[in-house]
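Encoded as structure tokens, the structure appears first; notes follow it.
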Amino acid sequence: MAVEFRVLGDLDVRIDGRAVRIGHARQQCVLAALLVEPNRVVATGQLISRVWGDEVPDGAAATLRGYLSRLRHALAGTDDVRIVRRHPGYLLAVDPDRVDLHRFRALTEQARRTGDDATAIGCLERALGLWRGDAFDGLATPWLAAYRQTLDRQRLAAALDRNEIALRRGAHARLLPDVLDLSGRHPWDERLAAQAMLALYRCGRQADALEHFHRMRHRLAAEIGTDPSPPLAQLYQQILTADAAVAPPQFPEEEEPAATATGPSPGGVRDAGTVPRQLPASPGVFAGRTAQLARLDEQLGDAGRPDGAGSPVVISSIGGGGGVGKTWLALRWAHANADRFPDGQLYVNLRGFDPASDPVKWPVAVRGFLEALGVEPARVPADPEAQASLYRTLVAGRRLLVVLDDARDAATVVPLLPGTPTSAVLVTSRRQLADLVTTHGARPLPLDVLPDDEARELIVRQVGAARVAGQPDAVAAILRFCGGLPLALGIVAARAALNPELALSSVAAELTSAVSPLDALAADEVTTNLRVVLSRSLAALTPAAAEVFALLGLAPGPDIGRAAAASLTARTPAELRPPLRELVDAHLVQQHVAGRYRMHDLVRSFAVERASGDPAGSRSALRRLVDHHLHTAHAAALLLSPQRDPLTLAPAAPGVTAERLDDLAAALAWFTGEHQVLLAIIEYAAGNGLDVATGQLSWTLATYFDRQGHWHDWAAVARRAVEATGRSGDRPAQAQAHRLLAGACSNLGRHAEAQRNLLAALDLFAALGDDEGRAHTHFDLSMLHDRQRQPREALPHARRSLALYERVGSPLKQAVALNAIGWYHSQLGEHHDAITFCRRALALSEQAGSAYGQANTWDSIGFAHHHLGEYEQAVDCYRQALALFAEIGDRHAEGIVLDHLGDTWAAAGRADAAREAWRRSLALYEELGHADAEAVRRKLHR
């Protein structure tokens with residue numbers, strides 16, 4: 001029977017393809033210590049040192065003999081491997097080719113001996129493909145930690161050798177994602193930095209290659225006070241001067257084997273085939289711009305071709321301004337030419353001149369693009385520069401159209417530009433963006449107001465040819481007054497269309513009798529002139545619609561939902577429906593998706609100005625909006641996590657109607673739809689003295705952000721909460737805010753920052769004499785250590801939390817702590833102890849009537865039974881957990897238990913049942929967009 005040992009990842013032993021249970025972690029360490037030196041005697045003392053380090057227990061030799069006996073029993077199903085007692089220790093007799101570590105070394109040695117690049121790269125790809133993760137993953141001894149570092153260096157050396165050959169053979173495009181990923185994990189390696197620079201340069205990303213060098217130089221100078229090596233500096237000069245020596249080699253890349261990643265795919269892409277379709281709808285009424293559309297065709301004639309050499313295009317409104325139709329033109333051309341870009345279209349409104357909100361910063365836009373391209377939120381790098389690099393990596397070579405709307409300056413645009421010429425970029429801005437033209441070869445397209453014939457055509461399409469033809473003088477007066485500004489023309493024409501019995505001469509008379517004529521629409525100060533048109537349009541509305549219009553302009557965020565708008569305006573949803581419909585019909589408000597509304601920036605500016613006459617009323621309206629989101633988010637948070645202790649909220653302001661959410665699915669959908677709005681609401685609250693609401697809103701978002709992997713946003717709002725609670729002097733709330741920030745930092749891998757915040761929370765709770773808060777925080781510290789695979793360090797904190805929960809008399813929390821203690825015992829290989837603690841936890845959860853506590857504990861007990869080889873008991877436990885989680889609607893937890901159940905079925909030799917459990921787990925994770933989906937997907941494909 002064939003045996004296979006895999007240690008380049010977690011320790012995995014298979015006989016004829018069937019997984020063999022090796023026992024607990026300490027026993028696995030004994031096997032690992034023998035596997036690294038097959039067919040060689042390892043002295044007993046050396047084995048003990050490798051397994052226990054400096055903490056050798058009494059009777060270690062006898063314990064070691066017991067471990068070896070159980071290992072012999074586990075491997076008894078094959079004649080290919082034997083553990084032999086031979087003075088002065090033990091020997092593992094096995095063909096080294098049966099151990100992936102030794103196959104890796106043999107393949108890398110073969111690659112170095114051969115003189116043929118094709119053979120060498122094939123060997124290296126196969127060698128790197130053996131790695132499934134960190135060597136001996138999950139096993140922790142001082143000797144293994146040191147040995148793991150040695151293997152990591154050998155793995156990196158093999159990858160660097162592979163990269164050198166791939167670059168010689170012209171495979172820079174295929175290599176680029178992998179070399180950038182490696183560079184992020186090994187930022188000090190100058191050989192790797194050189195490879196990354198060369199691959200970037202050969203992929204048409206000279207600026208990125210130079211920036212990579214600058215970051216390395218800065219890092220070396222800041223940390224160790226040295227300069228880059230002469231070879232790296234020379235490569236920088238060659239790239240800077242486009243030296244022919246670093247040009248891509250003339251090599252048929254198609255002969256290259258497909259690259260094998262040495263780690264997870266860049267950014268944790270959910271679906272490599274994701275095709276974004278982000279363009280907003282094409283303008284419904286569009287007229288003219290024939291010359292400009294033809295100019296775009298000419299400028300972008302080569303864009304979108306696989307071999308194209310197109311360059312970014314800037315559409316700027318020189319002599320124009322807001323409302324001149326830049327976005328309309330960009331979207332019209334984009335939709336007409338979408339088929340030239342089969343890999344999709346990306347769109348972002350950068351809000352560079354939004355009068356009611358700050359411009360969108362380029363890192364925010366990059367994260368939006370990464371999400372559209374299918375990147376799991378949990379896999380987004382923490383560093384904005386790394387995010388931009390990942391974005392360029394994902395779009396390299398793809399035929400995409402990128403529309404960057406309303407850019408404030410070139411600095412915002414540059415990080416959003418793809419690095420390869422197969423994509424096209426449309427940029428709209430109220431500025432000329434001369435820097436973008438100078439440094440990136442952008443081709444400017446000045447956009448002025450519409451000429452009379454095209455402006456007339458716009459009116460004809462809106463109100464009808466017969467009506468226009470019958471009143472030529474009135475139409476001429478309207479054209480003169482609007483000055484060809486498309487937005488003004490659209491609003492006036494809409495008013496006329498909504499009142500078919502109203503003579504156009506009356507419309508013209510209202511316009512021409514205004515105080516300020518629109519004679520300066522081509523100047524920069526467009527808002528002042530447009531106010532007249534908007535005032536006339538507003539005068540045609542009912543009083544209710546005019547009041548709603550002014551208040552909608554105040555709402556933070558990119559848009560507003562109908563229920564939130566009802567609270568903002570102190571109306572019921574039924575009362576709000578007619579004025580909203582009136583505003584949409586008048587083109588003052590756009591319903592861009594069902595039930596959600598937004599305004600053009602100039603229209604919003606006018607609305608804000610209208611509301612400014614009643615500052616007290618504006619403050620009251622915004623307070624109602626904050627209360628609406630706070631009370632709805634609180635209810636949604638408790639649906640997502642029923643075991644959380646609810647907040648004590650102050651009553652909502654009069655006129656607020658919180659949304660009714662009936663179940664977990666409704667809560668999750670609400671959080672998803674309001675995500676960006678909630679971020680803006682928190683920013684408003686934090687900046688306007690609503691410190692209590694800031695802290696409470698941050699609390700409500702924690703579970704949603706955690707489960708969806710939006711940990712960057714979680715950290716941002718938690719920091720706002722820490723600041724706000726510090727200002728208010730509410731020490732209990734501040735302690736809670738520190739705990740929430742620690743949770744976000746922990747998920748982002750910022751373990752030191754997480755620990756600092758938990759210790760700060762612990763100090764606050766101690767000063768307050770809050771034993772329950774201390775218990776929560778000790779529990780969080782145990783989880784932080786667990787996340788770092790430090791169960792031994794986690795256990796004392798879990799025990800401390802249990803003691804405190806017992807002191808305050810919280811049976812349910814005692815159950816949670818007991819379950820954690822049991823879990824950590826399992827991680828230490830002490831599965832019988834784990835079951836003892838978890839059974840106590842289960843009893844308390846049953847007494848408290850906590851389905852959630854029972855479900856979690858059944859999962860832990862199942863895990864312990866699994867690792868004791870008691871698979872039937874494990875399956876029964878997991879089924880209990882699944883039934884309870886399904887009952888309470890925690891689909892994320894169902895996914896976790898199904899994953900564990902699949903592991904148990906696989907260990908029991910039930911491959912079909914395992915795959916079915918993993919498939920169900922994967923479906924849930926994918927539906928939730930959770931980062932753990934990738935790990936389950938790998939199990940299904942191995």
Atom pair [atom1]/[atom2] of [X] and [Y] - distance to nearest 0.5 Å:
{"X": "Leu764", "Y": "Asp770", "atom1": "CG", "atom2": "CG", "answer": "10.5 Å"}
{"X": "Thr777", "Y": "Phe765", "atom1": "OG1", "atom2": "CZ", "answer": "4.5 Å"}
{"X": "Leu668", "Y": "Leu640", "atom1": "CG", "atom2": "CG", "answer": "6.0 Å"}
{"X": "Asp730", "Y": "Gln696", "atom1": "CG", "atom2": "CD", "answer": "9.0 Å"}
{"X": "Ser845", "Y": "Leu812", "atom1": "OG", "atom2": "CG", "answer": "6.0 Å"}
{"X": "Asn349", "Y": "Leu404", "atom1": "CG", "atom2": "CG", "answer": "10.5 Å"}

Given 3.5 Å as the limit, does a donor-acceptor pair link the side chain of [X] with the main chain of [Y], or not?
{"X": "Thr694", "Y": "Ala686", "result": "yes"}
{"X": "Ser728", "Y": "Thr725", "result": "yes"}
{"X": "Trp711", "Y": "Asp706", "result": "yes"}
{"X": "Gln278", "Y": "Tyr347", "result": "yes"}
{"X": "Gln387", "Y": "Pro381", "result": "yes"}
{"X": "Arg624", "Y": "Ser567", "result": "yes"}
{"X": "Glu575", "Y": "Thr572", "result": "yes"}
{"X": "Tyr805", "Y": "Val816", "result": "no"}
{"X": "Gln788", "Y": "Leu784", "result": "yes"}
{"X": "Ser618", "Y": "Ala611", "result": "yes"}

Side chains of [X] and [Y], heavy atoms from C-beta outward: is any pair under 4.5 Å?
{"X": "Glu385", "Y": "Ser389", "result": "no"}
{"X": "Leu818", "Y": "Cys838", "result": "no"}
{"X": "Asn819", "Y": "Tyr824", "result": "no"}
{"X": "Gln827", "Y": "Asp786", "result": "yes"}
{"X": "Trp699", "Y": "Arg644", "result": "yes"}
{"X": "Glu547", "Y": "Arg571", "result": "yes"}
{"X": "Leu350", "Y": "Leu416", "result": "yes"}
{"X": "Leu373", "Y": "Pro276", "result": "yes"}

Can you name the closest pair of heavy atoms from [X] and [Y] and give their distance?
{"X": "Ala564", "Y": "Leu625", "result": "O-CD1, 3.6 Å"}
{"X": "Gln854", "Y": "Leu884", "result": "CB-CD1, 3.7 Å"}
{"X": "His631", "Y": "Ala652", "result": "NE2-N, 3.5 Å"}
{"X": "Pro556", "Y": "Val677", "result": "O-CG1, 4.2 Å"}
{"X": "Ala815", "Y": "Ala841", "result": "O-CB, 3.2 Å"}
{"X": "Ile682", "Y": "Leu697", "result": "CG1-CB, 3.7 Å"}

Other residues, nucleotides, ligands: >12 heavy atoms within 6.0 Å of [X] [atom1]:
{"X": "Arg750", "atom1": "CZ", "value": "yes"}
{"X": "Arg727", "atom1": "CZ", "value": "yes"}
{"X": "Arg367", "atom1": "CZ", "value": "yes"}

Using side-chain contact (heavy atoms from CB on, under 4.5 Å), reason through Glu683 and Leu679 one step at a time and then give a plain yes or no. CA-CA 6 Å; Glu683 287 297 314; Leu679 295 178; 5.8 Å; no
Is the centre of the Phe779 ring less than 6.0 Å from the centre of the His797 ring? no
Aromatic contact between His629 and Tyr684, with the criterion being ring centroids under 6.0 Å apart: yes or no? no
Look at [X] together with [Y] and state whether they make a salt bridge at an N to O cut-off of under 4.0 Å.
{"X": "Arg719", "Y": "Glu753", "value": "yes"}
{"X": "Glu674", "Y": "Arg596", "value": "yes"}
{"X": "Asp627", "Y": "Arg623", "value": "yes"}
{"X": "Glu806", "Y": "Lys813", "value": "no"}

Evaluate the ring planes of His825 and Phe837, with Trp represented by its six-membered ring, and classify them as parallel (under 30°), tilted (30 to 60°) or perpendicular (over 60°). parallel
What is the ring orientation for His675 with His710, classed by angle as parallel under 30°, tilted 30 to 60°, or perpendicular over 60°? perpendicular
Arg720-Ser698 side chain donor-acceptor pair, cut-off 3.5 Å: no
Is there a donor-acceptor contact under 3.5 Å linking the side chains of Glu793 and His785? no
So Lys361 and Thr412, side-chain contact (heavy atoms from CB on, under 4.5 Å) or not? Walk me through it. CA-CA 7 Å; Lys361 296 181 179 178; Thr412 304; over 6 Å; no
For the pair Leu568 and His628, evaluate side-chain contact (heavy atoms from CB on, under 4.5 Å) and give the outcome as yes or no after the intermediate values. CA-CA 8 Å; Leu568 174 74; His628 170 89; over 6 Å; no
Is there a ring pair (Phe, Tyr, Trp, His ring centres under 6.0 Å) between Phe705 and Phe671? Walk through the geometry before answering. CA-CA 9 Å; Phe705 282 158; Phe671 271 127; 7.9 Å; no
Can you list, pair by pair, the side-chain donor-acceptor contacts under 3.5 Å of residues 733-746, counting residues two or more places apart and other chains?
unit_1, atom_1, unit_2, atom_2, d
Gln736, OE1, Arg739, NH1, 3.2
His738, ND1, Asn757, OD1, 2.8
Arg739, NE, Asp780, OD2, 2.5
Arg739, NH2, Asp780, OD1, 3.3
Arg739, NH2, Asp780, OD2, 2.8
Ser746, OG, Arg787, NE, 2.8

Step by step, work out the side-chain contact (heavy atoms from CB on, under 4.5 Å) result for Trp670 and Leu678. CA-CA 11 Å; Trp670 184 85; Leu678 283 163; 3.9 Å; yes
